[in-house]
Structures are given as C-alpha cells and as structure tokens.
Chemist: 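Here it is, the structure, as structure tokens.
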Amino acid sequence: MPDSTPAKTPRVRFAPSPTGFLHVGSARTFILNWLYARHNHGTMVLRLDDTDVERNTEASVQSIFEGLRWLGLSWDEEYKQSERLDLHRQKAEDLFAKGLAYRDFTPAHSGDDEKSSAQGAWLSNPGMRELSREESDRRAAAGEPFALRYRVPRGEGRTLRFVDSVYGAQSKLADEVEDFALLRSDGMPTYHLASCVDDADLRISHIVRGQDHLTNTFKHLLIFEALESEPPQFAHLPLLVAPDGAKLSKRKHGPVVSVTTYRDAGFLPQAFVNFLCLLGWSPKDDREFLSLDELTAAFTLEGVNRANAVINFTEEDPFDPKAVWLNAEHIRALPVDELSRSIKPFWEQAGFHPLPEKLLAVTPLIRERIKLLRDAVSAADFFFLEELAPYDPAELIPKNGDAALACRVLQHAQAVLATTTFDHDSLDQALRAAALHLGLKAGQAFQPIRVAVCGRKNAPPLFETMVVLGRELCLARIRKAEENLQSLI
RNA sequence: GGCGCUAUCGUCUAGGGGUUAGGACGUGAGAUUCUCAAUCUUAAAACCCGGGUUCAAUUCCCGGUAGCGCUACCA
C-alpha cells in the first residue's frame with residue numbers, strides 16, 4: 001500500500017498555469033495534493049507552470065494566489081518555471097546531443113490538419129526525424145526556426161507501462177505515441193519538458209493531477225527515462241465536469257467555475273474544501289460532513305473514485321445544492337464569535353456597521369436560517385435598519401382574523417411592553433398572557449407583533465429578536481404598524 | 001479517425017459472486033414549534049446493454065453502446 005506507508009516522505013506539487021482565475025477543478029487538485037502531503041507528513045510544493053508566454057498574465061497569478069489564500073491551505077516551497085528556463089533548455093540540449101530528440105523545421109500549424117493526422121504523419125513528422133545531423137546543424141546555423149521533438153522509439157514494439165495509484169496498471173504501445181515537442185521554435189520549453197524536468201529536479205515523489213494527463217503520462221515516462229531519472233508515482237484524479245458532462249472550462253462556464261465566486265457568495269472555505277473533496281473521493285464510511293483535520297486523517301488515494309464527477313449548477317443557481325447544504329452545516333458548526341466575524345464583511349458591504357456586541361447578539365438568531373454568509377444581509381437587515389422597509393400592512397393580520405383584531409393586539413402589546421422587562425422569559429410570560437387575555441392562540445397573537453417589529457412574517461424567534469432590538473425600537477415599530485393598519489379597517 | 005479511461009438512485013457516493021443494493025443532497029408527505037429555519041419520522045428514486053464463467057452475477061471476463069480525455073511549437 002504505497003499510500004499508507006510511503007517509502008519516503010512524499011513531495012507533491014500543485015502546478016497551475018496562470019491563464020485565468022483559479023477554478024474549482026484546480027482547487028480540488030490542490031486540496032487533494034495538500035491532503036496527501038499532510039496525511040503523510042510530506043512536503044507541498046507550489047509551482048507556477050508559466051511557460052506559455054502568450055497566455056500567461058500577472059493578473060491570473062494574483063487571482064490564483066488569492067484563491068489559494070482563501071482556502072487557507074499553506075504550502076512549503078514555491079517555484080516559478082519561467083525562472084528555470086536555463087535548466088529546461090540545457091536538458092533539451094542534452095537530449096538532442098544524445099540523439100533522443102530532433103529538430104523539426106516544419107512551420108507551426110494550427111492543428112486542424114486532419115489530412116496529415118489521417119495518414120499517420122502526426123506520429124513522426126516525416127522528413128524531419130530522419131534529417132542527418134549535418135543537414136540539421138546546417139539549417140539551424142542558417143537561422144531557420146525549429147521545434148525540438150522527442151524521438152519516440154519506433155518499430156520496436158515497445159510497451160510503456162506504469163501503475164497509477166488510482167487507475168491501476170496502464171500501458172500503451174510506444175508506436176502509438178507521437179513525436180511530441182520539447183522546445184518551441186521560440187526556444188521556450190513545452191509543458192511536457194518543463195514539467196518533467198522540474199519534477200525530476202525538485203525530486204517530486206508523487207504526481208497527483210487531473211485525469212486529463214493520464215495519456216500524457218506515457219510521454220512523461222519517456223522524458224524521465226531520457227533524463228535518467230526515476231519517474232514519480234502517478235495518481236490521476238477523475239475530472240470535475242459540468243452537468244452536460246463536459247469538462248469544466250472557464251471559457252464555456254464562466255464565473256461559476258471560479259473559486260472567488262464561491263467566496264463572494266459566502267461559502268466558508270472549510271465547507272468549500274469539504275464539498276470538493278467529496279467529488280471523486282470518499283472516506284468509505286457514511287460521513288459527509290468533515291473538518292479539515294478529519295479530511296486529512298481520512299484521505300488516501302485508495303479512496304479516490306475513477307469516474308468523472310458532475311458538479312451541479314445552472315444559470316439561475318450557480319451552486320451545487322450539496323455544496324450549499326454543507327456550507328449551512330459548517331455555518332452551524334462554527335462558534336458564534338467566529339461566525340459573526342465571517343459574516344461581518346457581508347454586512348458591511350450592505351452598509352451595516354453594527355457594534356461588535358450587536359453583531360454577536362444577532363448572529364445566533366440567524367445562524368440556522370442562512371445557507372450562505374451573504375444570506376445574513378437579508379436575514380438580519382431589520383436589526384440594523386433604523387426605519388423598516390415598507391411592507392404590506394395586510395401581513396399584520398393573523399390567520400382567522402381581521403385588521404381590527406390585529407389592531408387590538410398591537411394596542412394591547414404596547415401597553416404590556418411598556419412595563420415588561422426586556423428579557424426572554426419576561427417577554428414570553430407577558431406576551432403569552434396577553435394572547436390569553438385577548439382570547440387568542442399564541443401564534444395568532446404573535447404574528448402582528450412579529451410583522452410590526454421585523455417587517456415580515458418569517459423571522460427569527462420573537463422574544464430573542466425583541467430583546468436585541470430593545471423596548472424603544474419595538475414600541476415605535478408597533479405604533480407605526482398600528483397606524484398602517486388604519487387604512488385597512 | 002487512432003489511442004486511453006470510465007459506467008450503481010436526478011446528483012455525490014458505499015458495497016460487492018448469494019444483500020430488503022446502504023448513506024447523503026435534492027424532491028414529496030408527516031411530526032414539532034410563536035412564523036421561518038433547524039430537528040425528527042417517512043416516501044418515491046439506481047446496478048447501461050448483450051454474451052460468457054459459475055449452482056449463483058449488479059459484482060469477474062469479453063463484446064457492444066455511451067460519455068470523457070489525449071491526439072497543439074496549450075497546460
């Protein structure tokens with residue numbers, strides 16, 4: 001079991017390419033790498049794979065770091081591929097010198113050249129693979145641009161093999177692998193070259209990455225061999241796909257696949273992490289709600305599933321219902337002070353700047369009523385608003401009652417509240433007594449008061465709410481409600 | 001097209017040669033409560049198809065189908 005007892009303390013890496021925001025698939029890869037490292041007391045390396053100058057942006061680098069920082073999972077070492085170009089080029093040089101690679105002077109083409117692929121020319125670039133060293137040197141010296149390609153062994157019937165920690169034994173005929181590029185004609189290394197050179201140089205022991213690289217691994221095996229380096233242990237993760245089954249993409253699916261979208265909507269990072277882990281991995285028992293520590297303790301590569309996982313979202317609702325549910329669970333699991341600290345920025349963004357004590361008093365009243373932190377704004381606005389937003393006075397009328405009844409309730413409530421101590425038990429006794437006095441059921445009597453005080457039917461428990469609001473505000477709002485009611489009598 | 005990978009409720013998954021195929025989200029019904037929420041109970045809901053192997057296959061093997069991935073001088 002390579003998982004439970006690794007031969008050496010593992011060194012794993014997360015290697016995003018900065019071509020856009022951090023998306024959920026990348027975040028999941030990062031998280032599982034992190035869990036693997038921490039579970040096995042290994043080292044987590046962050047490496048920016050930025051060899052595609054055309055598509056890389058600094059904004060993207062920032063956005064990726066922003067996303068990772070929000071997740072709250074730290075790494076131990078950090079590298080940037082663009083700062084290691086000399087090493088990549090030198091290794092490419094070595095491979096060429098050893099005859100393991102050749103120069104391809106064919107101009108770059110766009111890839112939709114179906115004729116050549118149909119004929120098998122894609123495999124070995126006829127005319128270029130066989131170019132004599134003299135001819136190749138002559139053309140290179142003349143300044144003709146070229147890409148450097150790996151000379152994949154042909155006609156030997158060789159089978160490339162590796163054992164994937166998730167997908168098991170894998171094999172492919174070397175003759176089926178095309179002569180892939182190592183260096184572009186501008187001298188920049190390709191992903192395959194840079195990635196393997198760095199993985200070898202950084203002594204990465206386990207590569208945990210998306211399944212979209214499963215087939216590429218055969219190329220990587222060849223590169224490690226050429227580098228005379230023992231290949232790391234590979235573990236491929238099933239892909240996260242959209243409801244239509246397509247691989248998640250920034251272009252096609254937009255902000256719903258961006259980690260910052262979850263953050264801004266008020267997901268707790270621990271809930272987000274919990275959710276992502278459950279996509280393609282399971283602790284093999286019935287647990288769904290897991291803390292970071294529990295995830296770390298439970299995580300093994302054996303628990304990783306092999307089928308792609310659908311992450312549910314629609315235009316209207318960008319968040320998977322299970323993610324939302326887990327977030328609600330994590331919200332309820334958080335101590336009040338921590339929760340209120342998490343909610344605070346959302347309230348502030350809405351223009352509410354409550355005192356810390358009030359914040360702490362309101363938080364427990366809404367924590368079971370919100371699923372996303374941003375819900376706290378609409379759930380608690382009436383605590384912070386001096387003037388209640390206009391509401392339909394008809395809401396004040398309880399079931400089986402009329403405006404006159406509601407009015408009587410509010411009048412009596414004012415009289416009672418003027419003298420009642422504003423704590424939970426006193427209010428409870430006083431208002432229940434009031435209901436009895438009016439010959440009403442508690443529910444009937446409380447509705448007018450609740451609507452008067454909160455401005456709506458659905459709100460946190462009445463007595464707790466009134467305690468937080470205080471006598472003065474409650475009385476003022478009830479008085480106002482009574483006025484509003486006059487139009488309906 | 002070639003090559004590779006995958007297939008259990010709508011979704012995430014557990015399981016595994018003989019099970020009432022388990023859990024969760026979501027959905028429906030009910031209970032409880034001052035409303036809402038939370039909580040509890042409960043219902044509906046799945047082994048892609050066809051062949052083998054076997055006393056017995058959803059599970060193992062083969063084929064098909066479907067989906068996904070790779071097939072770029074992207075990563």
Side-chain angles (χ1 to χ4, degrees), chain A residues 15-19 49-52 54-56 104 106-114 117-118 120 122-123 145-149 164 167-168 170-173 175-178 180-192 194-195 209-219 236 238-239 241 243-247 275 278-289 305-312 320-326 328 332 366-371 379 398-399 428 431-432 435 441-447 449-451 454 456-463:
Chain A
S17 64
T19 58
D49 279 9
D50 56 349
T51 55
D52 185 356
E54 298 284 305
R55 304 198 308 154
N56 293 163
D104 180 358
T106 316
H109 60 280
S110 44
D112 45 44
D113 197 341
E114 37 201 84
S117 44
W122 58 278
L123 271 178
F146 62 85
L148 193 71
R149 287 182 182 281
D164 189 275
Y167 287 90
Q170 303 292 315
S171 65
K172 184 171 180 167
L173 250 22
D175 291 279
E176 295 282 354
V177 178
E178 73 278 11
F180 54 94
L182 263 16
L183 242 35
R184 303 187 179 92
S185 47
D186 63 1
M188 287 296 284
T190 62
Y191 161 75
H192 299 302
S195 175
R209 71 206 330 179
Q211 192 246 36
D212 46 347
H213 286 299
L214 190 65
T215 323
N216 286 333
T217 305
F218 297 105
K219 294 171 194 164
H236 288 88
L239 262 24
V241 298
D244 65 359
K247 181 176 158 179
F275 169 65
L278 260 20
L279 256 23
W281 174 81
S282 133
K284 305 282 185 188
D285 51 34
D286 284 342
R287 287 180 296 168
E288 305 265 352
F289 176 92
N305 199 5
R306 280 181 294 274
N308 289 170
V310 173
I311 172 164
N312 257 326
D320 192 303
K322 195 153 194 172
V324 173
W325 169 76
L326 270 172
R332 292 194 286 267
I366 59 162
R367 70 132 126 230
E368 285 186 352
R369 271 157 270 264
I370 62 175
K371 293 179 186 300
K399 218 189 286 182
D428 190 332
L431 290 175
R432 280 185 200 282
K441 285 197 215 161
Q444 269 181 309
F446 293 171
Q447 176 174 335
I449 304 174
R450 170 178 294 108
V451 174
C454 304
R456 55 168 178 258
K457 281 184 186 168
N458 300 340
L462 187 57
F463 314 132

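Here is how names work: the chains are called A, B, and so on, in the same order as the sequence lines, proteins then strands, and each is numbered from 1.
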Chemist: Taking only nitrogen or oxygen atoms into account, show me every contact under 3.5 Å that the protein makes with nucleotides 36-38 of chain B, one pair per line with its distance.
Modeler:
unit_1 : atom_1 : unit_2    : atom_2 : d
C36(B) : O4'    : Asn458(A) : OD1    : 3.3
C36(B) : O2     : Arg369(A) : NH1    : 2.9
C36(B) : N3     : Arg369(A) : NH1    : 2.5
A37(B) : O2'    : Glu368(A) : O      : 2.0

Chemist: Can you tell me how far CG of Asp104(A) sits from CG of Leu148(A), rounded to the nearest 0.5 angstrom?
Modeler: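 Those atoms lie 9.5 Å apart.
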Chemist: Under the ring pair (Phe, Tyr, Trp, His ring centres under 6.0 Å) test, which residues partner Tyr167(A), sequence neighbours left out?
Modeler: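 If we apply the ring pair (Phe, Tyr, Trp, His ring centres under 6.0 Å) test to Tyr167(A), skipping adjacent residues, there are no hits.
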Chemist: Between atom NE2 in His213(A) and atom C1' in C5(B), what is the gap in whole Å?
Modeler: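 It works out to 15 Å between those atoms.
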Chemist: Which base, if any, makes a Watson-Crick or G-U wobble pair with U41(B), both distances under 3.5 Å?
Modeler: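 Partner of U41(B): A29(B).
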Chemist: What closest approach, in Å, do Asp212(A) and Leu239(A) show between heavy atoms, and which atom pair accounts for it?
Modeler: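 So the minimum-distance heavy-atom pair works out to N-CD1, 3.6 Å.
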Chemist: Can you name the residues that form a side-chain hydrogen bond (donor to acceptor under 3.5 Å, both in side chains) with Arg287(A), not counting sequence neighbours?
Modeler: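 Counting only residues at least two positions away or on another chain, Arg287(A) forms a side-chain hydrogen bond (donor to acceptor under 3.5 Å, both in side chains) with Asp285(A).
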Chemist: Identify whether any heavy atom of Lys219(A) sits under 4.0 Å from a base atom; if not, whether one sits that close to sugar-phosphate; answer base, sugar-phosphate or nothing.
Modeler: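 Sugar-phosphate: the residue Lys219(A), judged by heavy atoms under 4.0 Å, touches backbone atoms but no base.
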Chemist: The side chain of Glu176(A) lies closest to which of these nucleotides: G2(B), G69(B), G26(B)?
Modeler: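 Between G2(B), G69(B), G26(B), the one nearest the side chain of Glu176(A) would be G2(B).
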Chemist: Does any donor-acceptor pair link the side chain of Thr215(A) with the base of C70(B) at a separation under 3.5 Å?
Modeler: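 For Thr215(A), whose side chain was compared with the base of C70(B), there is no donor-acceptor pair (under 3.5 Å).
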Chemist: In chain order, what residues pass the ring pair (Phe, Tyr, Trp, His ring centres under 6.0 Å) check against Phe446(A), with sequence neighbours excluded?
Modeler: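 Residues passing ring pair (Phe, Tyr, Trp, His ring centres under 6.0 Å) with Phe446(A): Phe463(A).
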Chemist: Can you measure Asn216(A) atom CG to C3(B) atom P for me and round it to whole angstrom units?
Modeler: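 Those two atoms, CG and P, are 17 Å apart.
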Chemist: Just to confirm, is there a sub-4.0 Å distance from OP1 or OP2 of U35(B) to any side-chain nitrogen or oxygen of Arg450(A)?
Modeler: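 The answer is no; no side-chain N or O of Arg450(A) sits under 4.0 Å from OP1 or OP2.
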Chemist: Give me the distance, rounded to whole Å, that separates U19(B) from U33(B) when you measure between the C1' atoms they each carry.
Modeler: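 Nearest-Å result for U19(B) against U33(B) at atom C1': 40 Å.
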Chemist: Does the structure show a Watson-Crick or G-U wobble partner for G67(B), both distances under 3.5 Å? Name it, or say none.
Modeler: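 Per the H-bond distance test, C5(B).
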Chemist: Taking side-chain hydrogen bond (donor to acceptor under 3.5 Å, both in side chains) as the definition, give me every residue that meets it alongside Asp50(A), ordered by chain and number, with sequence neighbours left out.
Modeler: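 In terms of side-chain hydrogen bond (donor to acceptor under 3.5 Å, both in side chains), with neighbours along the sequence ignored, Asp50(A) is linked to Ser82(A).
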Chemist: With sugar-phosphate meaning primed atoms plus P, OP1 and OP2, does Thr51(A) contact a base, only sugar-phosphate, or nothing at under 4.0 Å between heavy atoms?
Modeler: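 If one applies the 4.0 Å heavy-atom cut-off, Thr51(A) turns out to touch the sugar-phosphate alone, with no base involved.
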Chemist: Could you tell me which non-hydrogen atom of Pro18(A) sits nearest to which non-hydrogen atom of Asp49(A), and how far apart they are?
Modeler: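 For Pro18(A) versus Asp49(A), the nearest heavy atoms are CD-O, 3.6 Å.
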Chemist: C1' atom, A57(B) versus G18(B): distance in rounded Å?
Modeler: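 Taking atom C1' in both A57(B) and G18(B), they lie 9 Å apart.
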Chemist: With side-chain contact (heavy atoms from CB on, under 4.5 Å) as the criterion, how do Phe218(A) and Glu176(A) come out once you've worked through the C-alpha distance, each side chain's angles and the decisive distance to 0.1 Å?
Modeler: CA-CA 10 Å; Phe218(A) 297 105; Glu176(A) 295 282 354; over 6 Å; no
Chemist: List the steps and the verdict of side-chain contact (heavy atoms from CB on, under 4.5 Å) for Ile311(A) and Phe275(A).
Modeler: CA-CA 10 Å; Ile311(A) 172 164; Phe275(A) 169 65; 3.9 Å; yes
Chemist: Using whole Å, what does the distance between atom P of nucleotide U33(B) and atom CG of Asp428(A) come to?
Modeler: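 Rounded to the whole Å, the gap is 14 Å.
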Chemist: Could you pull out the closest heavy-atom pair between Lys399(A) and Gln444(A), with the gap in Å?
Modeler: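 For Lys399(A) and Gln444(A), the tightest heavy-atom pair comes out as O-NE2, 3.1 Å.
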Chemist: Between A46(B) and A14(B), how far is it from one C1' atom to the other, in whole Å?
Modeler: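 Straight-line distance between the two C1' atoms is 13 Å.
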Chemist: Give one of base, sugar-phosphate or nothing for His236(A), where a contact means two heavy atoms less than 4.0 Å apart.
Modeler: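 Contact class for His236(A): none.
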Chemist: Select from Arg55(A) and Pro321(A) the residue whose nearest nucleotide in RNA chain B is closer to the 5' end of that strand.
Modeler: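 Checking each residue's closest nucleotide, the 5'-ward one belongs to Pro321(A).
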Chemist: C34(B) phosphate, OP1 or OP2: any side-chain N/O from Gln444(A) under 4.0 angstrom?
Modeler: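 Answer no for this pair, as no side-chain N or O of Gln444(A) is under 4.0 Å from OP1 or OP2.
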Chemist: Ignoring hydrogens, what is the shortest heavy-atom contact between Ala442(A) and Ala435(A)? Give both atom names and the distance.
Modeler: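 Scanning both residues completely, I find the closest heavy atoms to be CA-CB, 4.3 Å.
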Chemist: To the nearest angstrom, how far is Trp325(A) atom CH2 from U27(B) atom P?
Modeler: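 To the nearest whole Å, that distance equals 13 Å.
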Chemist: What pair of heavy atoms forms the shortest contact from Thr217(A) to His236(A), and how long is it?
Modeler: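 Result for this residue pair: OG1-CE1, 3.0 Å.
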Chemist: On a whole-Å scale, what distance lies between the C1' atoms belonging to C48(B) and C3(B)?
Modeler: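 Pairwise C1' distance, C48(B) against C3(B), rounds to 23 Å.
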Chemist: Need one value for Leu462(A): base, sugar-phosphate or nothing, where a base atom within 4.0 Å counts as base even if backbone is also close, heavy atoms only.
Modeler: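 Counting heavy atoms under 4.0 Å across all strands, the contact made by Leu462(A) includes a base.
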Chemist: Within this structure, what is the CG-to-C1' distance between Leu183(A) and A75(B), rounded to whole angstrom?
Modeler: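 Spelled out: CG on Leu183(A) to C1' on A75(B) is 16 Å.
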Chemist: To the nearest Å, give me how far apart CD (Gln170(A)) and C1' (U6(B)) are.
Modeler: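 Interatomic distance, CD of Gln170(A) to C1' of U6(B): 11 Å.
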Chemist: Please list, pair by pair, any protein nitrogen or oxygen found under 3.5 Å from a nitrogen or oxygen in nucleotides 13-15 of chain B.
Modeler:
unit_1 : atom_1 : unit_2    : atom_2 : d
U13(B) : OP1    : Gly280(A) : N      : 2.2
A14(B) : OP1    : Lys284(A) : NZ     : 3.3
G15(B) : OP2    : Lys284(A) : NZ     : 3.3

Chemist: My understanding is that only residues two or more places apart in sequence, or in another chain, count here; which of them pass side-chain hydrogen bond (donor to acceptor under 3.5 Å, both in side chains) with Asn305(A)?
Modeler: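 Listed in chain order: nothing, the list is empty.
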Chemist: Is Lys247(A) near enough to C70(B) that one of its side-chain N or O atoms lies under 4.0 angstrom from OP1 or OP2?
Modeler: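 Yes, because at least one side-chain N or O of Lys247(A) sits under 4.0 Å from OP1 or OP2 of C70(B).
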Chemist: Taking the same atom, P, in U6(B) and in C62(B), what whole-Å distance lies between them?
Modeler: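 It works out to 12 Å between them.
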Chemist: Take atom CZ of Arg287(A) and atom C1' of C12(B), then tell me their distance rounded to the nearest Å.
Modeler: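 Going from Arg287(A) (CZ) to C12(B) (C1'), I get 16 Å.
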Chemist: Tell me, for nucleotides 42-48 of chain B in 5' to 3' order, what letter each nucleotide earns: B for a base near a protein heavy atom under 4.0 Å, S for only sugar-phosphate near one, - for neither?
Modeler: -------
Chemist: For nucleotides C5(B) and U42(B), find the distance between their C1' atoms and express it as a whole number of Å.
Modeler: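 To the nearest whole Å, 41 Å.
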Chemist: Determine the interatomic distance between P on G67(B) and the same-named atom on U41(B); round to the nearest Å.
Modeler: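 After rounding to an integer number of Å, I get 41 Å for this pair.
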Chemist: To the nearest Å, how far apart are Gln211(A) CD and C5(B) C1'?
Modeler: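 Spelled out: CD on Gln211(A) to C1' on C5(B) is 5 Å.
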Chemist: Can you tell whether the side chains of Lys219(A) and Glu178(A) come within less than 4.0 Å, N to carboxylate O?
Modeler: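 Between Glu178(A) and Lys219(A) there is a salt bridge, with a charged N closer than 4.0 Å to a carboxylate O.
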Chemist: With rounding to whole Å, what would you report as the distance between C60(B) and U53(B) at their C1' atoms?
Modeler: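 Going atom to atom, C1' in each nucleotide, I get 8 Å.
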Chemist: Who are the side-chain hydrogen bond (donor to acceptor under 3.5 Å, both in side chains) partners of Lys172(A), not counting sequence neighbours?
Modeler: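 Here no residue qualifies.
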Chemist: Between Ala246(A) and Asp49(A), which residue's closest nucleotide on RNA chain B lies nearer the 5′ terminus?
Modeler: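 Looking at RNA chain B, the more 5' nearest nucleotide goes with Ala246(A).
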Chemist: Please determine whether a side-chain nitrogen or oxygen atom of Arg432(A) lies at a distance below 4.0 Å from atom OP1 or OP2 of C34(B).
Modeler: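 Answer yes for this pair, as a side-chain N or O of Arg432(A) is under 4.0 Å from OP1 or OP2.
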Chemist: Listing time: all N or O pairs from protein to nucleotides 62-66 of chain B that are below 3.5 Å?
Modeler:
none

Chemist: Going by side-chain contact (heavy atoms from CB on, under 4.5 Å), name the residues that satisfy it together with Thr19(A), two or more places apart in sequence or in a different chain.
Modeler: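 Thr19(A) satisfies side-chain contact (heavy atoms from CB on, under 4.5 Å) with Ser17(A), Arg55(A), Asn56(A), Lys250(A) once adjacent residues are dropped.
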Chemist: Return the pairing partner of C47(B) with a 3.5 Å limit on both distances, Watson-Crick or G-U wobble; otherwise return none.
Modeler: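 Across all strands, not a single nucleotide pairs with C47(B).
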Chemist: Residues two or more places apart in sequence or in another chain: which of them pass ring pair (Phe, Tyr, Trp, His ring centres under 6.0 Å) with His213(A)?
Modeler: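 Ring pair (Phe, Tyr, Trp, His ring centres under 6.0 Å) check on His213(A) returns Tyr191(A).
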